[in-house]
Number of protein chains: 2
Amino acid sequence: MLLRLYSRMAMLDVMSSTPFGVLADPARRRILDLLRDRPRLVGELTAAVGLSQPGTSKHLRVLREAGLVTVRPDGQRRWYELRPEPLAEIDEWLTPYRWMWSERFDALERHLDTMDDA
Amino acid sequence: MLLRLYSRMAMLDVMSSTPFGVLADPARRRILDLLRDRPRLVGELTAAVGLSQPGTSKHLRVLREAGLVTVRPDGQRRWYELRPEPLAEIDEWLTPYRWMWSERFDALERHLDTMDDA
DNA sequence: GTTGTTCATGCTCTTGCGGTTATATAGCCG
DNA sequence: CGGCTATATAACCGCAAGAGCATGAACAAC
């Protein structure tokens, strides 16, 4: 029972695994994309990602511990639903870069390069 | 032996994988953050990330192969500069999620939940 | 109860990452 | 030339991630 508590604490600890690492796996990105429409059962997700059911469950665990999905038990089945909040961290990291790949950036860069030459 | 070659090719293949995988490592994110200001030498980056010089070079290789940085040789030194274009892929993936963590989303969700109850 | 279904967990195996040290390569300087 | 500096590559190691398979746990249905 105490052991149970500890493993739960370890789980919470792993929660601090950043969303960047979570999104590194394409299967997990695919799962999130599917959950964007509506909550889904593990069986659905398993079929969609083309992995074994245990494999899918493992990815779902990672997503859960990162706070990217929540589970709603329904009898023997489990509805997984998206919880997008942790994605905000990625969005924030991306923010100072976002302006850079626009055409205006190219123009500005050329301008600055020209000034450097002078 | 041929097998070994194939596995090596697979390695390189994975190395040049998606920007998601590249950003999974905090050292690489840190490098990109530093390059946002200006191009930098390997030595600078090594000191900043607190890794060994070869370790830093390895991360730089990954970033290079993902197209996130370019190198400009200058004598025996190398200026690494940011090339943010590949980050657009992440930005695009994020797009359909971005509205979701706003307050308007919470309000809408509450509204929909209310409708479910009725 | 028994059987079937749905999902999670445990185990094992392999692979690849991220880190180190040692070495090679290339350019600078005296 | 020889020695110093800056960077890349090679060789190696530890470990965790990801996959499969087998099993367990919980619930449903009969």
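Quantities reported herein were computed from a predicted structural model and do not represent experimental measurements. Chain naming here is simple, since letters A, B, ... match the order of the sequence lines and numbering starts at 1 in each.
We find that CG of B:Leu60 is positioned 14 Å from C1' of C:dG18, with the value rounded to whole Å. Distance B:Arg61 CZ to C:dG16 C1': 14 Å, rounded to the nearest Å. Between the CZ atom of A:Arg77 and the P atom of C:dT5 there is a distance of 14 Å, given to the nearest Å. Separating the CG atom of A:Leu63 from the P atom of D:dG18 is a distance of 11 Å, rounded to the nearest angstrom. Per the geometry, CD belonging to A:Glu65 stands 9 Å off P belonging to C:dT9, to the nearest Å. Computed from coordinates, the B:Leu51 CG to C:dC17 C1' distance equals 13 Å when rounded to whole Å. Following rounding to the nearest Å, B:Leu23 (CG) and C:dC17 (P) show an atom-to-atom distance of 15 Å. What separates CG of A:Asp74 from C1' of D:dA28 is a distance of 12 Å, to the nearest Å.
Using a distance-only test at 3.5 Å, with no hydrogens or angles considered, a donor-acceptor pair links the side chain of A:Glu44 to the main chain of A:Leu41. Within the 3.5 Å criterion, the main-chain N or O of B:Leu23 finds a donor-acceptor partner in the side chain of B:Arg29. Looking only at distances, a side-chain donor or acceptor of B:Arg40 sits under 3.5 Å from a matching main-chain atom of B:Leu34.
When distances run from any side-chain atom of B:Ser52 to the nucleotides D:dG20, C:dT6, C:dT21, the shortest one goes to C:dT21. Residue A:Asp25 has its side chain nearest to D:dG18 when only D:dG18, C:dA8, D:dT7 are considered. With C:dA8, D:dG18, C:dG18 as the candidates, the nucleotide lying closest to the side chain of B:Arg28 is C:dG18. If you check C:dT20, C:dA8, D:dA19 against the side chain of A:His59, the one that comes closest is D:dA19.
Across all strands, A:Gly55 comes closer than 4.0 Å to no nucleic acid atom at all (heavy-atom distances).
B:Tyr80 and B:Leu35 make their closest contact through O-CD2, 3.3 Å (heavy atoms, listed as atom of the first residue, atom of the second, distance).
Mapping A:Lys58 and B:Ser57 onto DNA chain D via the closest heavy atom, the residue that lands nearer the 5' end is B:Ser57. Between B:Arg78 and B:Pro54, the residue whose closest nucleotide on DNA chain C is further toward the 5' end is B:Pro54.
Side-chain atoms of B:Gln53 and base atoms of D:dA6 include no donor and acceptor less than 3.5 Å apart. Counting distance only, with no hydrogens placed and no angle test, the side-chain atoms of A:Gln76 and the base atoms of D:dA25 include no donor-acceptor pair under 3.5 Å.
Residue B:Tyr80 has a polar side-chain atom (N or O) positioned under 4.0 Å from OP1 or OP2 of D:dA8.
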Please step through ring pair (Phe, Tyr, Trp, His ring centres under 6.0 Å) for the pair B:Tyr97 and B:Trp101, ending with a clear verdict.
CA-CA 8 Å; B:Tyr97 296 88; B:Trp101 57 79; 8.0 Å; no

